[in-house]
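Residue numbering restarts at 1 for every chain, and letters A, B, ... go by the order of the sequence lines. Values in this document were obtained by computation on a predicted structure and should not be read as measured data.
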Protein chains: 2
Amino acid sequence: MTNSRELVRDTALRLFRERGYATTTMRAIAQEAGVATGLANYYFPSKDHLVQELYVEVNRDHAVRAARVLERGGDLTTRLRGVLHAGLDAFAEYHGFGSEFVTVAIRPGSAASPFSTESDEARTTSRAVLDELVAGADPAVPDHLRAELPELLWLAQLGVTLFWVHDGSPGQRRTRTLVDGAAPLVGRLVRLSRLPVLRGASQEVLDLFRAVRA
Amino acid sequence: MTNSRELVRDTALRLFRERGYATTTMRAIAQEAGVATGLANYYFPSKDHLVQELYVEVNRDHAVRAARVLERGGDLTTRLRGVLHAGLDAFAEYHGFGSEFVTVAIRPGSAASPFSTESDEARTTSRAVLDELVAGADPAVPDHLRAELPELLWLAQLGVTLFWVHDGSPGQRRTRTLVDGAAPLVGRLVRLSRLPVLRGASQEVLDLFRAVRA
DNA sequence: GCGCATCCTTGAACATGTTCAAAGACTAGC
DNA sequence: GCTAGTCTTTGAACATGTTCAAGGATGCGC
C-alpha cells in the first residue's frame, strides 16, 4: 500500500467512475479507502480537487490516444478530426455524469477549471498535442496562422466538450457529426485565409484574439 | 403583501443581488421573508429554481435595453454590437457572483439552464430580440442566412456571456473589446458569404448547424 | 535517549440544501 | 353549516461538504 494521499485519490476516482460525482460522498470515499472522513479533505481541500485529479487522468489518456493519431501524419483536417475523436473516446465512459464534472470544471476559481493553476499540467499536455497537430500538418499551415492556431484549436476543443456534455443523442452521435463537419470546415477556412479577400478578415480575427486573451 | 410565492421570490432575488449566490442560504431567504424554511422549497423545489427566476428577470431587462437599441435602426454590425453591449449592461451588477450563477445555469438538467423547459419564456424573449436584430438590419441580411442567423447569434451571445464570466479585467473591459471586435467581424463575414469563394463554406456551416442541432 | 517541530490522522461539530410527516387554512359540494 | 378534499405552512430530521481542535506518529538536532 502506497501513501494515504494516493489511496484516497485512487479510491475517489474509482467511485467517481462507478457511481458518478453527486452520489460519491466524501464519507464514502474515506470509508472505502479505510481512513477518517477528515483525511480526504486534508489532502484534497475540496471535492473539486478530486475532480481535478480525474480531469488530469482523462487528459493523459487523451494525450496518449492523440499521439497515436498524430504519428500517422495527414493534413490539418484529418489530424484535427482524429484528435477530437480521440478526446471523445477518452471521455466516453464518463458521459453519464460528464455533466456533473463539467459543471465543476467550468466554475471560475474551481481547481478543476481548465484555466486554473492546478490544471497547469493538463493544460500543458493538451497544448503540446495541439502544437504537434499544427506543426506536423501536411500541407503546412500558413505562416500567419501557425503561432495562434494551436490555442484557437484548444478553445475549440473546450467548445466541443461543452457540446458533448449537453449531447443527449445515443452514443453522442451528434457530437461525432459536429467533429466530422467542423474539422473540414476549419481546414477549408485555413486554406481560404490565404486569399486576398479573406486576408483582412483573418488578420482581424487574430488581432481580436490577441487583444482579448488574458 | 402579495402571495407567499412572490414574497419568497423577491426576497431571494434581493439577497442574491446583495450577497451573491453561495452566501445566500435558503434559511436566510425564508427568515428574511418571514416564512418557514420548508416553504421556499415548496414553491421552488431547489435553489436552482430561484436562480432561474433571477435569470428571467435579467433577461427581461436585457430585452428592454435591446429594444431601445434596435429601434435606432442601423446595419447588422451596429445592431449586434448594441444588443451585446446591452446584455453586458444588464448583467453588469451581477459580475461579482456571475460565475456562481453561470455555474448553475450551465449544468445540463438544471432549471436555470438556458436550454431547460423552465427557461422557455426567457429563451423566447431572447430569440425575439435576435429575430428583430436580423430582420431589421439595413442593408438586409442575405436570404440564405436569414433563417438561421438569429439562432447562431443566440449561441454567440451565450459564448460572450461565458467569456464575461471568466473576465477578471476591471469593468470587464476585455469582454467589451471582444464585442467591439467580433460584431464587425460577423458583419464582414455575412457580407463576404455572398462571394462565390465563400458560398460553399457558408453553406457547409449552415448544413452542419442544421445536422447537429437537437 | 530526549525534546521539539512538523506532518498525519481522527472523529465530532457545523452549516447548508432538501425532504417529510403533520397540522392548519381554505374551498367546493351538498 | 358540515364534510371531504386540496392547497399552504411548519419545523424537525436527514445527508453531505467542510472545518477544527485534539491527539498520534515521525524525524531531526543534540
Side-chain angles (χ1 to χ4, degrees), chain A residues 1-16 18-55 97 99-101 103-107 109-113 116 118, chain B residues 1-16 18-55 97 99-101 103-107 109-113 116 118:
Chain A
M1 182 135 337
T2 63
N3 60 50
S4 292
R5 189 193 144 92
E6 284 178 29
L7 179 59
V8 168
R9 195 195 85 105
D10 293 346
T11 306
L13 263 51
R14 180 169 60 79
L15 293 183
F16 280 157
E18 289 174 9
R19 315 181 186 171
Y21 173 76
T23 57
T24 298
T25 69
M26 294 298 273
R27 279 170 183 76
I29 294 170
Q31 189 178 343
E32 195 86 1
V35 300
T37 340
L39 196 61
N41 278 99
Y42 174 73
Y43 286 116
F44 304 96
S46 82
K47 213 178 162 186
D48 281 10
H49 286 76
L50 280 165
V51 173
Q52 150 69 2
E53 296 289 324
L54 178 66
Y55 185 69
F97 17 80
S99 58
E100 298 176 308
F101 295 121
T103 294
V104 173
I106 209 159
R107 175 167 48 238
S110 158
S113 162
S116 75
E118 284 91 342
Chain B
M1 179 142 333
T2 63
N3 60 48
S4 293
R5 189 192 144 93
E6 286 179 27
L7 178 59
V8 168
R9 194 195 85 106
D10 293 346
T11 307
L13 263 52
R14 179 168 60 78
L15 292 184
F16 280 158
E18 290 173 7
R19 315 181 186 171
Y21 173 77
T23 56
T24 298
T25 70
M26 293 298 274
R27 280 170 183 78
I29 294 170
Q31 189 179 341
E32 195 87 1
V35 300
T37 340
L39 196 61
N41 279 332
Y42 173 74
Y43 286 115
F44 303 96
S46 81
K47 212 178 163 186
D48 281 11
H49 286 76
L50 280 166
V51 173
Q52 150 69 4
E53 296 289 324
L54 178 65
Y55 184 70
F97 17 80
S99 59
E100 299 176 305
F101 295 121
T103 295
V104 172
I106 209 159
R107 175 167 49 241
S110 158
S113 162
S116 74
E118 284 91 343

Those residues that, when tested against B:E118, pass salt bridge (charged side-chain N to carboxylate O under 4.0 Å, His left out) (two or more places apart): none

In whole angstroms, the gap separating P of D:dC7 from OH of B:Y43 amounts to 11 Å

Pairwise salt bridge (Lys or Arg N to Asp or Glu O under 4.0 Å) hits with a residue in residues 41-52 of chain B, at least two apart: B:D48-B:R107

Gap separating the CG atom of A:L13 from the OG1 atom of A:T24, nearest 0.5 angstrom: 10.0 Å

So, A:T11 side chain and A:L7 main chain: donor-acceptor pair closer than 3.5 Å or not? yes

How far apart are the closest heavy atoms of A:F44 and A:R9, and which atoms are they? CZ-CB, 3.9 Å

Which is it for B:F16 and B:L50 under the side chain to side chain contact (heavy atoms under 4.5 Å, CB included) test, yes or no, and what are the steps along the way? CA-CA 9 Å; B:F16 280 158; B:L50 280 166; 3.9 Å; yes

Walk along nucleotides 11-21 of chain D from 5' to 3' and tag each nucleotide B, S or - by protein heavy-atom contact under 4.0 Å, base first, then sugar-phosphate. B-B--BBBB--

Ignoring hydrogens and angles, write down the donor-acceptor pairs under 3.5 Å from the side chains of residues 31-42 of chain B, residues two or more places apart or on other chains.
| from | atom 1 | to | atom 2 | distance (Å) |
| --- | --- | --- | --- | --- |
| B:E32 | OE2 | B:R14 | NH2 | 3.3 |

Dump the pairs, protein N or O against N or O of nucleotides 22-26 of chain C, anything under 3.5 Å, distances to one decimal.
none

Any residue meeting side-chain contact (heavy atoms from CB on, under 4.5 Å) with B:T23, in chain and number order, not counting sequence neighbours: B:R19

